[in-house]
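All values below come from the heavy atoms of this structure, side chains included, with hydrogens, waters and symmetry mates left out. Residues: numbered from 1 along the sequence shown.
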Amino acid sequence: MGRKSSSKGTPATAILAAAGVPFVLHPYTHDPAAASYGTEAAEALGIAPEKVFKTLMVEVEGRLAVGVVPVSGNLDLKAFAAALGAKKAGMADPAAAERRTGYVLGGISPLGQRQQSPTVVDGSALTFETVLVSGGKRGLDIELAPADLIRLTSAVTAAIGTRTS
């Protein structure tokens with residue numbers, strides 16, 4: 001996998017470039033009427049939704065944390081809390097998520113956030129050679145090796161995703 005140069009630079013792509021991590025940008029046309037940003041990305045790019053991961057901001061005992069799960073499912077809040085040694089978690093306020101990360105909803109990347117937060121990546125990511133995550137804006141995904149994603153976000157892995165059918 002090589003680096004695809006583009007004028008679509010974001011803090012996420014800058015972090016990857018600075019670290020010398022191979023990645024591929026996958027731009028697509030974002031539809032403002034789309035019901036789910038992650039599902040929209042998977043469909044627009046023609047990639048299995050199990051391989052496309054969404055970034056969710058979660059509040060755990062008064063602090064923000066990041067959950068990265070396949071767009072084909074949901075975040076198991078109880079499992080997420082347990083992965084961080086807490087008893088319970090809830091979805092973060094959208095405005096707080098945007099302030100913390102520096103990204104807009106639908107474009108929150110786990111990489112290059114304004115303030116790094118504890119991060120948990122669903123263990124299913126490790127079953128793929130590469131995964132896709134938001135590139136830092138709506139209509140842009142980044143493909144990279146899950147090990148690089150985990151290393152650059154200082155993430156832990158755990159079974160935090162649930163499948164929906």
**OP:** Could you tell me whether the side chain of S124 reaches within less than 4.5 Å of the side chain of E50, counting heavy atoms only?
**Re:** no
Original post:
Which heavy atom of E143 sits nearest a heavy atom of T130, and at what distance?
Top reply: OE2-OG1, 2.6 Å
**OP:** Check the pair L64, Q113 against side chain to side chain contact (heavy atoms under 4.5 Å, CB included), reporting the backbone distance first and the verdict last.
**Re:** CA-CA 12 Å; L64 292 181; Q113 294 185 0; over 6 Å; no
Subject >> R114 side-chain N/O to R99 backbone N/O, donor-acceptor pair under 3.5 Å >> reply: yes
Original post:
Which heavy atom of G38 sits nearest a heavy atom of V71, and at what distance?
Top reply: CA-CG1, 3.4 Å
Subject >> Single-linkage hydrophobic cluster V69~I150, side-chain heavy atoms < 4.5 angstrom >> reply: no
Original post:
Do you know the tightest heavy-atom contact between G106 and Y37?
Top reply: CA-CD1, 3.2 Å
Subject >> Main-chain N/O of A35 paired with E40 side-chain donor or acceptor, under 3.5 Å >> reply: no
Original post:
Taking a hydrophobic cluster as the set of Ile, Leu, Val, Met, Phe, Trp and Tyr residues connected by side-chain heavy atoms closer than 4.5 Å, whether directly or through intermediates, do I108 and L45 fall within one such cluster?
Top reply: no
**OP:** Indicate, with yes or no, if V120 and V131 share a hydrophobic cluster defined by side-chain heavy-atom contacts under 4.5 Å among Ile, Leu, Val, Met, Phe, Trp and Tyr.
**Re:** no
Original post:
Where the side chain of K54 meets the backbone of G73, is there a donor-acceptor pair that is under 3.5 Å apart?
Top reply: yes
**OP:** For T10 and G135, indicate whether the former's side chain and the latter's backbone hold a donor-acceptor pair under 3.5 Å.
**Re:** yes
**OP:** Test side chain to side chain contact (heavy atoms under 4.5 Å, CB included) on S117 and R100 and set out the steps.
**Re:** CA-CA 9 Å; S117 300; R100 176 77 175 209; 3.0 Å; yes
**OP:** Show the numbers, then the answer: is there a side chain to side chain contact (heavy atoms under 4.5 Å, CB included) between L140 and H26?
**Re:** CA-CA 6 Å; L140 180 65; H26 291 274; 5.9 Å; no
Subject >> L105 versus P94, closest heavy-atom pair with distance >> reply: CD1-CB, 3.4 Å
Original post:
Between T162 (side chain) and I160 (backbone), is there a donor-acceptor pair under 3.5 Å?
Top reply: no
Subject >> Donor-acceptor pair, side chain of R138 and main chain of P32, under 3.5 angstrom >> reply: no
Original post:
Any idea which heavy atoms bring T157 and G123 closest together, and the distance?
Top reply: CB-CA, 4.3 Å
Subject >> Shared hydrophobic cluster for M57 and V60 (ILVMFWY, side-chain gaps under 4.5 Å) >> reply: no
Original post:
For the residue pair A42 and P49, what are the closest heavy atoms and their distance?
Top reply: CB-CA, 4.0 Å
**OP:** Sequence neighbours left out, what passes side chain to side chain donor-acceptor pair (under 3.5 Å) with D148? Give chain and number order.
**Re:** R151
Original post:
Taking the side chain from T39 and the backbone from S36, do they hold a donor-acceptor pair closer than 3.5 Å?
Top reply: no
Original post:
Among T153, L144, V121, which one satisfies side-chain contact (heavy atoms from CB on, under 4.5 Å) with V133?
Top reply: L144
**OP:** Establish whether F23 and V52 are linked, either directly or via other cluster members, by ILVMFWY side-chain heavy-atom contacts under 4.5 Å.
**Re:** no
**OP:** Please lay out, stage by stage, how V58 and L75 fare under the test side chain to side chain contact (heavy atoms under 4.5 Å, CB included).
**Re:** CA-CA 10 Å; V58 182; L75 177 64; 3.4 Å; yes
Subject >> Nearest-0.5 Å distance, OG1 of residue T119 to CG of residue L84 >> reply: 8.5 Å
Subject >> Distance, nearest 0.5 Å, that separates CZ of F53 from OG of S109 >> reply: 13.5 Å
Subject >> Contact check, side chains of R63 and P118, non-hydrogen atoms, under 4.5 Å >> reply: yes
Original post:
Donor-acceptor pair, Y103 side chain versus P110 backbone, under 3.5 Å?
Top reply: no
Subject >> Between CD on residue E43 and OH on residue Y28, distance to nearest 0.5 Å >> reply: 11.0 Å
**OP:** Going by the side-chain contact (heavy atoms from CB on, under 4.5 Å) test, name the single residue among V24, I47, I142 that passes it with L132.
**Re:** I47
Original post:
Roughly how far, to the nearest 0.5 Å, is CG of L56 from CG of L77?
Top reply: 9.0 Å
